[in-house]
J.: 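Would you mind keeping the following structure in view while I ask a few things?
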Amino acid sequence: MAEELLSGLNPAQRRAVEAIDGPVLVLAGPGSGKTRVLTHRIAHMIRTVGVDPYRILAVTFTNKASREMRERLDILVGPNDARALTAGTFHSLCARFLRREIVHLGRGRDFTIYDSDDQERLMRRVLRELNLDEKQNPPRAMLGRISSAKNELVSPDDFARLSHTYAAEITARCYAHYQQLLHESNALDFDDLLVEMVHIFAQFPEVLEKYQKRYEYLLVDEYQDTNKVQYTLVQNLAGARRNLFAVGDEDQSVYGFRGADIRNILRFEQDYPDAQVIMLEQNYRSTQAILDAAQAVIAGGGKKKHLKKLWTQNGAGLQVSLHEGYDQSEEAKFVVDEIARLVASGDYRYRDCAVMYRINAQSRALEEALIPRGVPYQIVGGPRFYERKEIKDVLAYLHLAYNPYDRLRLGRVLNWPGRGIGERSESELQRWAIELGVPPFQALRELEDLPSPFSARAKNALLSFLAIIDELIVAQSKLPLTELIDMILGRLEVRETLVREYGAEEGDDRWRNVQELRNVATEYSGLPIEAQLPTCLEEIALVAEVDKMDGKADAMTCITLHQAKGLEYPVVFLVGLEEGLLPHSRSSDDPEKVEEERRLLYVGMTRARQRLYLCHAFRRLSFGRVNISTRTRFLADIPAALLKQTKKRAPTTASSQTNNMFTGRGGYGGAPPRGPTATKDLPPRPVAPAEVSFFIGQPVCHATFGEGVVMGSRLVDGDEEVMVSFADKQRKLLASFARLEKL
DNA sequence: TCCGCCTAGGTTTTT
DNA sequence: CCTAGGCGGA
């Protein structure tokens, strides 16, 4: 068995798998098989070393990764041992631990997790209650500062103490009040899940000790993306035993914006001077051409010397393609045409192809090109299912059934479906609750007995709402989740409400979404009834879109560069490689952020196994405005020899032009700039040169020589001379003459 | 209180 | 371009 687990590993991987005692840092380049190393290491620990899987804690970057790891372990060590292992993301693990331990903080385990939408609503309320202007204090920015503070383990009190400017002082007040409101709602936001765990460990050493004793072996993936809270958790859990196995790649650090500190991985050797450091430098994923281009991009960052030197045995492969489209719709069309062509050739399936972009909004142009072509696709992320209004409304009732003190959800559905509780009654309820000194939901309970400031009509409406919630609270503990949802849908006449609100057509669409939610709920029917609702709600909050990707369908994938981390595809298109988009304009002014964007491009490029296309557009529509774009500076770092320019597109279609002419608002927009100098500002648009139509690696067929592979192609006197390797020997053929058939 | 129209403003990236 | 929220009218 031992050999079986280790066979097929290279010496470095093998060392990483076998180094069981003491701290280990693995610096793993892209495609170096680190997932395999992690999994096989665990299997090795269980099978060969005899470690009890119950003693192993593996922190993965996505839930998908931990699920796949477990599936693999099912085979390697058997389902029983695979199940005994603890694995998950920081967030899901902490949520799990907190349900058990939060009583130490004097709170119930029935807490709610607020997602970013909830956070923003809550912050709006904070601003309102503190009489602050939303325009001057954008909720999102405020939340960003608070989130950074939490990631740095700065408490509201600390924050206030450290605030020396008026703006900081405002933030401190918002932070404190925000935490107050969260607390009143018995809610935690994403950051709190980790922060509260750290608090518990700090305040209750016996709890920490319990976890340290239980988890003798700790494995952390994507260590370069840990922030201070996560780092602290790792240090705590690793404790004195220090059986810590961290894997990461400083070149793939792309989460600085959420506090990830690349230095955590660089600091590892200081934290653990006796650490074994292992480099995984052989790449098993990409061709040399792709790897060379990617390395050129990362090397373009200059200064810091690179620790790893990646190489591959996968062969040279095809040149990386560089393509300029006229605008984003032509760029998208190029991508879709190319995918259709590759699939038609029989070499690839749709599921082998992925398009990656910097921001979600870019997916729209792609979708518009994909639909008319009939190419099956899945968009990861973007307008999320659980963020749709009708879904959130129904979910709000589920949340209230579990935690009726959730004020945000209470406010959300107090008057949905409309039951005559307007803004006035709502604020009246708030005021009255404060007067009574109880949470608003508790105030509803007092309505029957205490004299209240409501009109008889308002009072009845509020009581009918309370009656529904009470019914749900009772039902929640007795009914399976699907029946609970059915009860909500029926009792609230959700379908009728949606049709009334949105009309028959859209109302039905939204009703279908709601039914989809019910479908999702059936997945929890295997759990004990009392666990169904909380598990479902927690997963909805914590399971990322990428975790839910459909792995079986034959559909191409549209995904952001961030979410693509850790994935791989035979064919990858990177679109929108333009200044302002990558690096994003919000990052362009800060050199450190620019470097992070560079790494993002590196991550994207190294997702590709065989074919990589780098695409940018000459002009791009953003905010409904046309902007002239220049290709990203990072492309200049790739030696021209590594790139193959594909045909540039002239503005061919009438639609892309006429559309743009009328979309602009006000002065600029699509209107052509005036004056003789204006046109000179545009980069020259050279006439497309004659182009080779065969590329290296392309499979072809010849009437007499049979099947072969293109080894090279060049233009000679206006004709194309193609070098083809056939079964017997290589031959030079003229494209116009030889009638080569592309396969 | 409800409904519908209108306009202003918004897009990093994620758990 | 899209969307949420503000405002006027019933």
Side-chain angles (χ1 to χ4, degrees), chain A residues 60-63 88-95 113-117 119-121 124 134-135 138 140-141 143-144 147 150-151 188-194 222 225 227 229-230 253-260 328 356-365 368 380-384 387-389 415 417-426 455 457-458 461 500-503 538-547 559-565 576 580-588 593 596-597 599-600 603-604 620-626 659-660 662-666 669-670:
Chain A
T60 56
F61 197 66
T62 63
N63 290 298
T89 63
F90 277 110
H91 285 88
S92 44
L93 289 170
C94 283
I113 300 170
Y114 276 3
D115 66 20
S116 34
D117 185 60
Q119 289 179 46
E120 199 172 321
R121 281 165 197 276
R124 290 229 162 81
E134 271 190 30
K135 299 263 155 55
R140 255 191 52 79
L143 285 166
S147 177
K150 289 185 178 181
N151 286 328
L188 298 176
D189 69 12
F190 288 130
D191 301 317
D192 287 339
L193 292 173
L194 313 196
E222 306 284 9
D225 283 321
N227 59 31
V229 195
Q230 295 166 340
S253 159
V254 291
Y255 280 96
F257 67 91
R258 68 177 194 203
Q328 74 283 339
M356 301 175 188
Y357 37 79
R358 177 64 229 270
I359 64 173
N360 281 309
Q362 287 173 264
S363 65
R364 184 163 303 146
E368 279 166 11
V380 181
R384 290 160 204 224
E387 282 166 21
R388 290 165 209 257
K389 184 179 177 302
N415 195 36
R419 52 175 74 83
I421 304 174
E423 204 180 318
R424 218 195 41 214
S425 305
E426 194 190 331
S455 68
R457 217 171 66 166
R500 175 157 34 85
E501 284 181 340
Y502 299 101
E538 183 173 307
E539 286 190 8
I540 285 173
L542 296 182
V543 170
E545 289 295 310
V546 64
D547 298 330
I559 191 169
T560 62
L561 289 164
H562 282 92
Q563 295 195 95
K565 188 153 90 156
L581 216 41
L582 187 80
H584 193 272
S585 49
R586 305 276 278 250
S587 302
S588 306
K593 288 185 183 163
E596 181 156 314
E597 305 269 320
R599 295 193 292 269
L600 203 47
V603 167
R620 184 169 293 274
L621 205 59
S622 55
F623 293 104
R625 293 234 164 141
V626 172
N659 263 346
N660 295 336
F662 300 103
T663 47
R665 254 204 315 262

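Lettering follows sequence order; numbering is per chain, from 1.
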J.: Work out how far the C1' atom of B:dT14 is from that of C:dT3, and round it to whole angstrom.
T.: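 It works out to 22 Å between them.
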
J.: Just wondering, more than 12 heavy atoms not from A:Arg124 lying within 6.0 Å of its CZ?
T.: yes

J.: Going by salt bridge (Lys or Arg N to Asp or Glu O under 4.0 Å), name the residues that satisfy it together with A:Asp192, two or more places apart in sequence or in a different chain.
T.: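 Result, salt bridge (Lys or Arg N to Asp or Glu O under 4.0 Å) vs A:Asp192: A:Lys150.
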
J.: List for me each residue that meets side chain to side chain contact (heavy atoms under 4.5 Å, CB included) alongside A:Ala361, sequence neighbours excluded, and say none if there are none.
T.: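 Per chain and number, A:Ala361 pairs via side chain to side chain contact (heavy atoms under 4.5 Å, CB included) with A:Ile359.
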
J.: By ring pair (Phe, Tyr, Trp, His ring centres under 6.0 Å), which residues pair with A:Tyr255, not counting sequence neighbours?
T.: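 With sequence neighbours excluded, A:Tyr255 shows a ring pair (Phe, Tyr, Trp, His ring centres under 6.0 Å) to A:Phe61, A:Phe257, A:His562, given in chain and number order.
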
J.: Could you state the atom-to-atom distance from CZ of A:Arg364 to P of C:dC1 in whole Å?
T.: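 Between P of C:dC1 and CZ of A:Arg364: 11 Å.
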
J.: Nearest whole angstrom, please: distance from the C1' of C:dC1 to the CD of A:Gln362.
T.: 15 Å

J.: Between C1' on C:dG5 and CD on A:Glu134, what's the gap in Å once rounded to a whole number?
T.: 10 Å

J.: Please determine whether a side-chain nitrogen or oxygen atom of A:Ser425 lies at a distance below 4.0 Å from atom OP1 or OP2 of B:dT1.
T.: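 It does, given that an N or O in the side chain of A:Ser425 lies less than 4.0 Å from OP1 or OP2 of B:dT1.
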
J.: Please report the interatomic distance CD(A:Glu222) to OG1(A:Thr60), rounded to the nearest 0.5 Å.
T.: 9.5 Å

J.: Can you list everything that forms a side chain to side chain contact (heavy atoms under 4.5 Å, CB included) with A:Ser116? Sequence neighbours excluded, please.
T.: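 Not a single residue meets the side chain to side chain contact (heavy atoms under 4.5 Å, CB included) criterion with A:Ser116.
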
J.: Can you check nucleotides 8-10 of chain C for protein contacts, nitrogen or oxygen pairs under 3.5 Å, and list what you find?
T.:
none

J.: Select base, sugar-phosphate, or nothing to describe what A:Asn415 touches, counting heavy atoms under 4.0 Å on all strands.
T.: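 Sugar-phosphate contact only - A:Asn415 comes under 4.0 Å of backbone atoms but never of a base.
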
J.: Should A:Lys593 and A:Glu596 count as an ion pair when the cut-off is N to O under 4.0 Å?
T.: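 Not counted as a salt bridge, because no side-chain N and carboxylate O are separated by less than 4.0 Å.
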
J.: Grab the OH-P distance between A:Tyr357 and B:dT11 for me, whole Å please.
T.: 18 Å

J.: What integer distance in Å separates A:Glu426:CD from B:dC2:P?
T.: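 About 12 Å, once rounded to whole Å.
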
J.: Take A:Arg121 and A:Tyr114, measure what side-chain contact (heavy atoms from CB on, under 4.5 Å) needs, and give me the verdict at the end.
T.: CA-CA 10 Å; A:Arg121 281 165 197 276; A:Tyr114 276 3; over 6 Å; no

J.: Give me the distances for all protein-to-nucleotides 13-15 of chain B N/O pairs that come in under 3.5 Å?
T.:
from: B:dT13; atom 1: OP1; to: A:Asn360; atom 2: N; distance (Å): 2.7
from: B:dT13; atom 1: O4'; to: A:Arg358; atom 2: NH2; distance (Å): 3.4
from: B:dT13; atom 1: O2; to: A:Arg358; atom 2: NH2; distance (Å): 2.4
from: B:dT14; atom 1: OP1; to: A:Thr560; atom 2: OG1; distance (Å): 3.0
from: B:dT14; atom 1: OP1; to: A:Gln563; atom 2: NE2; distance (Å): 3.3
from: B:dT15; atom 1: O2; to: A:His91; atom 2: NE2; distance (Å): 3.3

J.: Does the distance from a Lys or Arg side-chain N to an Asp or Glu carboxylate O, for A:Glu120 and A:Arg140, drop under 4.0 Å?
T.: no

